[in-house]
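Structure record follows, encoded as structure tokens.
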Amino acid sequence: MSIEEKKIQEPDVLQYTNYRVYLRDYYEYKKKTSRAFSLRYFAEKSGISSHAHLKLTMDGSRNITNVTINKLIRGIGLENRRAAYFENLVFFNQATSDVDKKLYYAQLLKVSSRSRLRKLDQAQFRLFREWHHSVILEMVAMKDFSTNPNWVSKRLRGLVSPSQVEDSFKLLLELGLLVKTAGGYAQRDPMITTDDEVQDMMVKQYHCQMLRLGSEMLSALPACERDFSAVSFGIRRDKFADLKKHIQLMRKELLDFSAKQGEAEDVVQVNIQLFPLTRGL
């Protein structure tokens with residue numbers, strides 16, 4: 001009896017969030033489907049003078065220029081939206097500032113509705129981009145929690161509208177973070193996986209939102225309902241990593257104050273920042 005081999009499919013750039021990973025997968029695919037294909041042949045076909053340069057790019061040791069991007073697009077045979085997606089993916093991966101990353105991320109979403117980034121952006125990453133989803137998720141465990149959007153909005157000091165609350169419930173259900181029960185909703189703890197390349201940008205956006213919210217609460221809340229403090233001090237550079245570890249342990253200790261399911265009366269936010277105010281010369 002003959003066993004039919006599973007057909008190897010060519011990698012689709014629209015399903016990638018890192019152009020280097022795509023290039024490696026494309027190269028491996030071509031090697032398996034064509035005996036004559038090699039890294040040297042790939043470079044020559046793309047019009048790249050050095051196959052070593054291409055190898056360094058795929059390994060993450062070297063970036064590529066606009067000229068090389070166009071050469072690779074022709075060498076691989078990408079057209080239309082896939083060519084545009086690859087180009088913006090390179091710009092996104094190689095961007096060094098958050099402003100540029102956001103710009104190219106937006107361009108990637110515009111290029112194709114079938115891309116992996118588009119699918120992720122529609123649900124999962126809204127958890128990072130919009131601060132109130134994580135807060136509403138915590139509110140579900142409060143002892144007097146009500147699924148009434150107006151009640152949730154009022155408890156959130158009107159910072160979130162009832163329609164936003166309804167939308168948040170839908171999102172949290174879609175992500176599997178909430179499940180419907182006879183009495184309303186219950187928390188679940190599924191594994192939320194994200195691509196490092198995109199997650200870094202989204203988490204930074206989340207922190208920026210919480211910093212802005214903290215700034216607003218500094219003026220909006222009386223001193224008895226908040227605690228703001230800061231300290232500046234000198235430190236040896238070889239102790240900076242130890243200081244970070246100490247803060248990380250302290251953050252875990254804070255969770256000892258977390259109430260059991262159904263016992264919480266409020267949800268609080270604790271922001272912790274550490275950064276150098278000076279730099280070495």
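Because only heavy atoms are used, hydrogens play no part in the values below, and waters and symmetry mates are left out as well, while side chains stay in. Keep in mind it's a predicted model, so treat the numbers as computed, not measured. Residue numbers count from 1 along this sequence.
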Practice item. Applying side chain to side chain donor-acceptor pair (under 3.5 Å), run through Gln269 and Asn271 and close with a yes or a no. Key: CA-CA 6 Å; Gln269 175 72 19; Asn271 293 330; 2.9 Å; yes
Review point. Where do Met142 and Val267 land on the side chain to side chain contact (heavy atoms under 4.5 Å, CB included) test, with the steps shown first?
Key: CA-CA 8 Å; Met142 294 169 61; Val267 176; 4.0 Å; yes
Single-linkage hydrophobic cluster [X]~[Y], side-chain heavy atoms < 4.5 angstrom:
X      : Y      : value
Leu274 : Phe233 : yes
Leu173 : Leu177 : yes
Met210 : Met250 : no
Ile69  : Val67  : no
Leu249 : Leu254 : no

I'd like to know if the side chain of [X] and the backbone of [Y] have a donor-acceptor N/O pair within less than 3.5 Å.
X      : Y      : result
Ser46  : Ile48  : no
Gln94  : Asn63  : no
Gln187 : Leu137 : yes

Review point. side-chain contact (heavy atoms from CB on, under 4.5 Å) with Phe91: which of Leu89, Asn93, Asn88?
Key: Asn88
Practice item. Assess whether side chain to side chain contact (heavy atoms under 4.5 Å, CB included) is satisfied between Gln164 and Glu130, documenting all intermediate values. Key: CA-CA 10 Å; Gln164 286 178 303; Glu130 299 165 347; over 6 Å; no
Practice item. For the pair Tyr19 and Phe86, name the ring-plane relationship: parallel under 30°, tilted 30 to 60°, perpendicular over 60°. Key: perpendicular
Exercise for review: Over 60° means perpendicular and under 30° means parallel, so classify the ring planes of Phe37 and Tyr26, tilted if in between.
Suggested key: perpendicular
Exercise for review: Under the side chain to side chain contact (heavy atoms under 4.5 Å, CB included) rule, what do Trp151 and Met139 come out as? Steps first, then yes or no, please.
Suggested key: CA-CA 11 Å; Trp151 181 90; Met139 291 180 68; 4.0 Å; yes
Review point. By side chain to side chain donor-acceptor pair (under 3.5 Å), which residues pair with Lys143, not counting sequence neighbours?
Key: Glu265
Review point. Is the number of heavy atoms from other residues, nucleotides or ligands within 6.0 Å of OH (Tyr104) greater than 12?
Key: yes
Identify every side-chain donor-acceptor pair in residues 215-226 under 3.5 Å, counting partners at least two apart or on other chains, and give the distances.
| unit_1 | atom_1 | unit_2 | atom_2 | d |
| --- | --- | --- | --- | --- |
| Arg226 | NE | Leu218 | O | 3.3 |
| Arg226 | NE | Leu221 | O | 3.0 |

Check your understanding: Do the non-hydrogen side-chain atoms of Phe169 and Val152 ever get within less than 4.5 Å of each other?
Key -> yes
